[in-house]
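To start, the structure itself, in C-alpha cells.
One-based numbering, in listed order, for ligands and for the atoms of each. The chain is numbered in sequence order, starting from 1.
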Amino acid sequence: MIPEDVESFLSNIEEQEIVEAIRIAEDHTSGEIRVHIENTCNANVEKRALEVFSNLKMYNTADRNGVLIYVAVNDHKFGIYGDKGINNVVPKDFWNTTKTIIENHFKTGDFKQGLVDGILHAGQQLKVHFPIMDNDIDELPNTISKG
Ligand code: CA
Ligand code: CA
C-alpha cells in the first residue's frame, strides 16, 4: 500500500528508527539533522525545504550546519536543505549521493529505510567537514516534525 498522508506515512516504530538514525549520525558530526514531513508541497520542493528550515529556526546552530530532509508525502517529492556553514565548504553536488540513496528506497516504497540510510549517509558526509567535538551539544531536537 502506498501511504497517502503524513499520518500513515511512517509507523511509530519507523519514526523511532529514524530518530535513532539522527542520533547515530550526530554522534559523528556537529551537524544537526532534522526531518519534516507534510502532505503536499505547492511550491518548488527545494524552496519549500528552505521555508520549513527557516520556520523550524534550524539556523540556530553555532556553525550554521543544520540539515533538513523535507518530504511531501502525497507528491512523492523530497528535498534536502543544508545551512550556509555547510554550503560554504562543500561542492555544489554535495547532497547528490544522499539524494540518490533516499530516492532509490522511495521508488520501492520503503520510506523509512530511505530516510534512515539518507540520514546516516548525510552524517558520514558531514563528519568530513564538521567532526564531532568533545563539548558537542544537541543544538536541534532529533525529532520528526509534521506540517
Ligand atoms: Ca550537535
Ligand atoms: Ca540534533
Side-chain angles (χ1 to χ4, degrees), residues 3 5-41 43-106 110-147:
D5 61 52
V6 194
E7 294 313 317
S8 56
F9 185 60
L10 299 163
S11 69
N12 285 343
I13 290 168
E14 289 176 327
E15 288 193 9
Q16 283 168 28
E17 283 182 56
I18 290 163
V19 168
E20 178 65 6
I22 296 174
R23 197 191 60 74
I24 292 167
E26 290 186 7
D27 267 352
H28 301 283
T29 176
S30 62
E32 294 284 336
I33 302 170
R34 292 197 68 175
V35 173
H36 183 88
I37 59 180
E38 65 186 358
N39 285 329
T40 53
C41 168
N44 169 289
V45 73
E46 305 290 340
K47 230 171 135 180
R48 179 64 186 147
L50 165 59
E51 202 170 77
V52 172
F53 183 94
S54 205
N55 291 345
L56 293 172
K57 299 189 167 52
M58 287 186 63
Y59 43 75
N60 278 335
T61 56
D63 292 331
R64 297 297 298 265
N65 57 0
V67 179
L68 176 68
I69 300 176
Y70 165 85
V71 186
V73 176
N74 261 332
D75 305 336
H76 298 186
K77 282 197 244 171
F78 75 96
I80 302 176
Y81 182 79
D83 206 355
K84 63 180 185 189
I86 300 168
N87 291 335
N88 286 344
V89 295
V90 303
K92 229 177 168 341
D93 61 356
F94 185 68
W95 297 116
N96 284 4
T97 49
T98 306
K99 281 184 181 162
T100 304
I101 288 170
I102 297 176
E103 212 164 61
N104 286 341
H105 284 296
F106 277 22
D110 198 344
F111 301 105
K112 186 270 292 179
Q113 205 56 46
L115 289 168
V116 165
D117 289 357
I119 289 162
L120 294 176
H121 184 78
Q124 291 300 317
Q125 296 249 99
L126 285 168
K127 180 172 85 170
V128 179
H129 303 279
F130 302 96
I132 191 83
M133 307 293 235
D134 287 340
N135 58 353
D136 184 76
I137 49 169
D138 188 21
E139 296 174 290
L140 301 175
N142 305 340
T143 52
I144 299 168
S145 54
K146 294 171 187 176

Point to revise | His121 side, atom NE2; Thr98 side, atom OG1 - distance, nearest 0.5 Å | key: 4.0 Å

Point to revise | Pairwise side chain to side chain donor-acceptor pair (under 3.5 Å) hits with a residue in residues 47-60, at least two apart | key: Glu38-Arg48, Arg48-Glu51

**Study point:** Inter-residue atom distance Leu126.CG - Ile86.CD1, 0.5 Å rounding
**Key:** 5.0 Å

Exercise for review: Look at the aromatic rings of Phe106 and Phe111 and report parallel, tilted or perpendicular, splitting at 30° and 60°.
Suggested key: perpendicular

Review point. If you round to the nearest 0.5 Å, how far is CG of Asn142 from CZ of Arg23?
Key: 8.5 Å

Check your understanding: Can you find a pair of side-chain heavy atoms, one from Ile33 and one from Glu26, that are under 4.5 Å apart?
Key -> yes

Study note, to complete from the structure: With a cut-off of 3.0 Å, strictly less than, protein N/O/S atoms near the Ca ion (ligand 1) add up to 4

